[in-house]
Amino acid sequence: MQDRIISFIGCGNMGLSLIGGLIADGHPAENLRAMDKEPAQLDRLHRLFPVRGTDRLEEAVAEADVVVLAVKPQGLKALCLELAPLLPGPGPLILSVAAGIPTGALQRWLGEERAVVRAMPNTPALVGSGASALYATAQVSEEQRILAENILRAVGLVIWLEEEEQMDAVTALSGSGPAYLFLVIEAMEAAGRELGLEPQQARLLSLQTAYGAAKMALESELDPATLRQQVTSPGGTTERALEVLESGGLRSLFLNALTAARDRSRELAQTLGSE
Ligand SMILES: NC(=O)c1ccc[n+]([C@@H]2O[C@H](COP(=O)([O-])OP(=O)(O)OC[C@H]3O[C@@H](n4cnc5c(N)ncnc54)[C@H](OP(=O)(O)O)[C@@H]3O)[C@@H](O)[C@H]2O)c1
């Protein structure tokens with residue numbers, strides 16, 4: 001893995017996070033390349049990492065084993081059409097982190113026989129705690145699967161999908177999920193203030209409670225339902241609050257919310273990938 005040349009196209013938030021994660025994981029910076037058409041982004045790259053940056057696509061991908069596409073979905077088609085003639089033969093692995101662009105569209109733009117991995121990371125990747133789902137086309141070798149997995153694992157957890165269709169559910173769950181949890185934290189904080197806490201106290205207690213609960217659930221062998229039961233004493237305060245949340249329809253509200261996000265993800269994939 002460490003001797004592989006990985007080229008990043010797009011040095012925005014996601015591109016720089018992946019570069020930072022790989023370097024922190026011990027990937028030699030001299031084996032990374034980065035390209036951005038925005039000079040300010042290349043300046044940012046050079047201030048942060050000793051990685052060779054360029055504004056020339058040809059130079060960036062010349063020796064690449066993996067080309068990571070980290071530009072906004074709207075710019076992906078134009079980038080792929082420019083990239084296709086620069087990649088001879090089967091070429092390097094293409095790893096796209098662009099939300100909503102199916103592998104079928106990427107292969108149509110880059111060449112049907114290209115090895116393509118589509119990844120759906122989420123924003124906590126920016127702080128090294130992302131959750132990513134990956135899907136590989138039939139052309140991807142075992143070694144390329146491991147490479148793709150290692151790149152995304154540098155910024156958090158990775159799972160593989162057998163069916164690309166599942167990517168819409170991933171988008172609804174972990175892709176949009178940070179925003180649902182920010183909303184829950186906001187609501188808990190506001191309620192804490194209503195009940196008489198200082199704003200800063202309510203914020204810190206809400207944030208640390210969310211962090212602590214997630215950490216505890218991740219580190220425990222017990223499932224979240226069991227952990228919840230264990231902190232719910234009969235006749236106690238937690239039981240009283242959970243009764244309100246359950247009778248208010250929290251579970252069906254989440255199901256409806258994720259279904260709406262999944263449906264929107266399907267619509268966007270059709271629009272963005274159909275050209
Ligand atoms: N940020 C996240 O948390 C997150 C989460 C999940 C998935 N993603 C995916 O990751 C991708 C990148 O997101 P981001 O937030 O890092 O975007 P971003 O901050 O806008 O960064 C993209 C960078 O690529 C540059 N660029 C655009 N077209 C280019 C081209 N043809 N050649 C070279 N550079 C080009 C952009 O320049 P201009 O600004 O001049 O266009 C910008 O500097 C997106 O497809 C997004 O769906 C991001």
inquiry  = Set out, in order, the CA-CA distance, both residues' side-chain angles and the distance that settles side-chain hydrogen bond (donor to acceptor under 3.5 Å, both in side chains) for Glu164 and Thr103, then state yes or no.
reply    = CA-CA 8 Å; Glu164 189 169 5; Thr103 54; 2.7 Å; yes
Next item on the list: Determine whether more than 12 heavy atoms belonging to other residues, nucleotides or ligands lie under 6.0 Å from atom CD of Glu30.
Entry: yes
With a 6.0 Å cut-off (strictly less than), is the heavy-atom count around CD of Glu58, excluding the residue itself, greater than 12? no
Looking only at heavy atoms, the pair that brings Leu83 and Val67 closest together is CD2-CG1, 4.2 Å
*Consider only side-chain heavy atoms of I, L, V, M, F, W and Y, link residues closer than 4.5 Å, and tell whether Val170 and Val155 are in one cluster.*
no
Interatomic distance, CE@Met120 vs CG@Asn122, rounded to 0.5 Å, equals 7.0 Å
Verify side chain to side chain contact (heavy atoms under 4.5 Å, CB included) between Gln144 and Ser141, making sure each step is shown before the conclusion. CA-CA 5 Å; Gln144 288 175 323; Ser141 69; 3.2 Å; yes
*Indicate yes or no: does Arg108 engage Glu112 in a salt bridge with an N to O separation below 4.0 Å.*
no
### Query
Are Leu22 and Val117 linked, directly or through other ILVMFWY residues, by side chains that come within less than 4.5 angstrom of each other?
yes
For residues Glu82 and Leu57, determine if any side-chain heavy atom of one lies less than 4.5 Å from a side-chain heavy atom of the other. yes
Legend entry - Close side-chain approach of Val61 to Pro92, heavy-atom, < 4.5 Å: no
Query raised in the report: Are any side-chain N or O atoms of Thr271 and backbone N or O atoms of Glu267, one a donor and one an acceptor, separated by less than 3.5 Å?
Result: yes
Note to self: Is it the case that atom CD in Gln230 sees more than 12 heavy atoms from other parts of the structure closer than 6.0 Å?
What the structure shows: yes
To the nearest 0.5 Å, atom OG of Ser174 lies from atom CD1 of Ile159 at 7.0 Å
Leu110 and Ala84 have their tightest heavy-atom pair at O-CB, 3.8 Å
Original post:
Judged by atom type as modelled, is there a donor-acceptor pair below 3.5 Å linking the side chain of Asp36 to the main-chain atoms of Leu42?
Top reply: no
Checking Glu149 against Arg145 for the salt bridge (charged side-chain N to carboxylate O under 4.0 Å, His left out) test, could you report, in this order, the C-alpha distance in whole Å, the side-chain angles of both residues, the deciding distance, and whether it holds? CA-CA 6 Å; Glu149 184 171 322; Arg145 277 176 82 100; over 6 Å; no
> Would a hydrophobic clustering, with Ile, Leu, Val, Met, Phe, Trp and Tyr connected at side-chain separations under 4.5 Å, put Met14 with Leu157?
Replying inline: no
Check this for me: does any side-chain nitrogen of one of Arg33 and Glu59 sit under 4.0 Å from a carboxylate oxygen of the other?
no
Next on the checklist: If you define the side chain from C-beta out and look only at heavy atoms, does anything of Val158 sit under 4.5 Å from Leu134?
Outcome noted: yes
key: Main-chain N/O of Ala217 paired with Ser220 side-chain donor or acceptor, under 3.5 Å   = no
Here the gap from Cys80 atom SG to Gln107 atom CD, rounded to the nearest 0.5 Å, amounts to 11.0 Å
**Message:** Does atom CD (Glu243) have a neighbourhood of more than 12 heavy atoms from anything else shown, all under 6.0 Å?
**Reply:** yes
* Asked: Should the heavy atoms of other residues, nucleotides or ligands under 6.0 Å from CD of Glu194 be counted, would the total exceed 12?
  -> no
In short, Met35 meets Ala60 closest at the heavy-atom pair CB-CB, 3.5 Å
Original post:
Short question: side chain of Thr171, backbone of Met167 - any donor-acceptor pair under 3.5 Å?
Top reply: yes
Whether the side chain of Gln208 engages the backbone of Leu204 through a donor-acceptor N/O pair (distance < 3.5 Å, no angle test) should be reported.
no
Determine whether Glu113 and Gln139 make a side-chain contact, defined as any pair of heavy atoms from C-beta on separated by less than 4.5 Å. yes
* To do: Decide side chain to side chain contact (heavy atoms under 4.5 Å, CB included) for Arg47 and Asp43; before the verdict, give the C-alpha distance in whole Å, the side-chain angles of both, and the deciding distance to 0.1 Å.
  => CA-CA 6 Å; Arg47 274 199 307 276; Asp43 285 349; 3.9 Å; yes
In terms of heavy-atom contacts, Met188 and Thr209 come closest through CE-CG2, 4.5 Å
Next item on the list: Would you check, one step at a time, whether the test side chain to side chain contact (heavy atoms under 4.5 Å, CB included) holds for Leu207 with Tyr211?
Entry: CA-CA 6 Å; Leu207 284 171; Tyr211 173 74; over 6 Å; no
- Query: Is there a donor-acceptor pair under 3.5 Å between the side chain of Gln166 and the backbone N or O of Glu163?
  - Reply: yes
* Would the number of heavy atoms belonging to other residues, nucleotides or ligands and lying under 6.0 Å from CZ of Arg262 be above 12? -> yes
Q: Give the cluster check for Ile185 versus Leu242: same hydrophobic cluster or not, with ILVMFWY residues linked at side-chain heavy-atom distances below 4.5 Å.
A: no
Q. Would Tyr135 end up clustered with Leu93 when hydrophobic side chains under 4.5 Å apart are linked, directly or stepwise?
A. no
**Prompt:** So, Glu219 and Lys215, do they make that salt bridge, N to O below 4.0 Å?
**Reply:** yes
(message) Looking only at side-chain N and O atoms, does Asp223 offer a donor or acceptor that is under 3.5 Å from a partner on Thr226?
(response) yes
Salt bridge (charged side-chain N to carboxylate O under 4.0 Å, His left out) pairs touching residues 5-20, sequence neighbours excluded, are none
To the nearest 0.5 Å, atom CD1 of Ile5 lies from atom NE2 of His27 at 7.0 Å
Here the gap from Phe49 atom CZ to Leu16 atom CG, rounded to the nearest 0.5 Å, amounts to 6.0 Å
**OP:** Would you mind checking if Glu143 and Arg4 are paired as a salt bridge, meaning a charged N to carboxylate O distance below 4.0 Å?
**Re:** yes
*Using atom types as modelled and distance alone, determine if a side-chain donor or acceptor of Thr137 lies under 3.5 Å from a backbone N or O of Val116.*
yes
Under 4.5 Å between any side-chain heavy atoms of Arg114 and Pro90, yes or no? no
One should read off an interatomic distance between Leu95 CG and Leu147 CG, to the nearest 0.5 angstrom, of 9.5 Å
Q | Student check: side-chain heavy atoms of Asn31 and Ile6 closer than 4.5 Å | A | no
Heavy-atom closest pair (Ser96 atom, Ala98 atom, distance to 0.1 Å) is OG-N, 3.2 Å
Minimal heavy-atom distance between Pro50 and Ala29, with the atoms involved, is O-CB, 3.6 Å
Carefully, step by step, assess Ile94 and Val68 under the rule side chain to side chain contact (heavy atoms under 4.5 Å, CB included).
CA-CA 6 Å; Ile94 304 293; Val68 181; over 6 Å; no
Does the side chain of Val97 come within less than 4.5 Å of Leu69's, by heavy atoms?
no
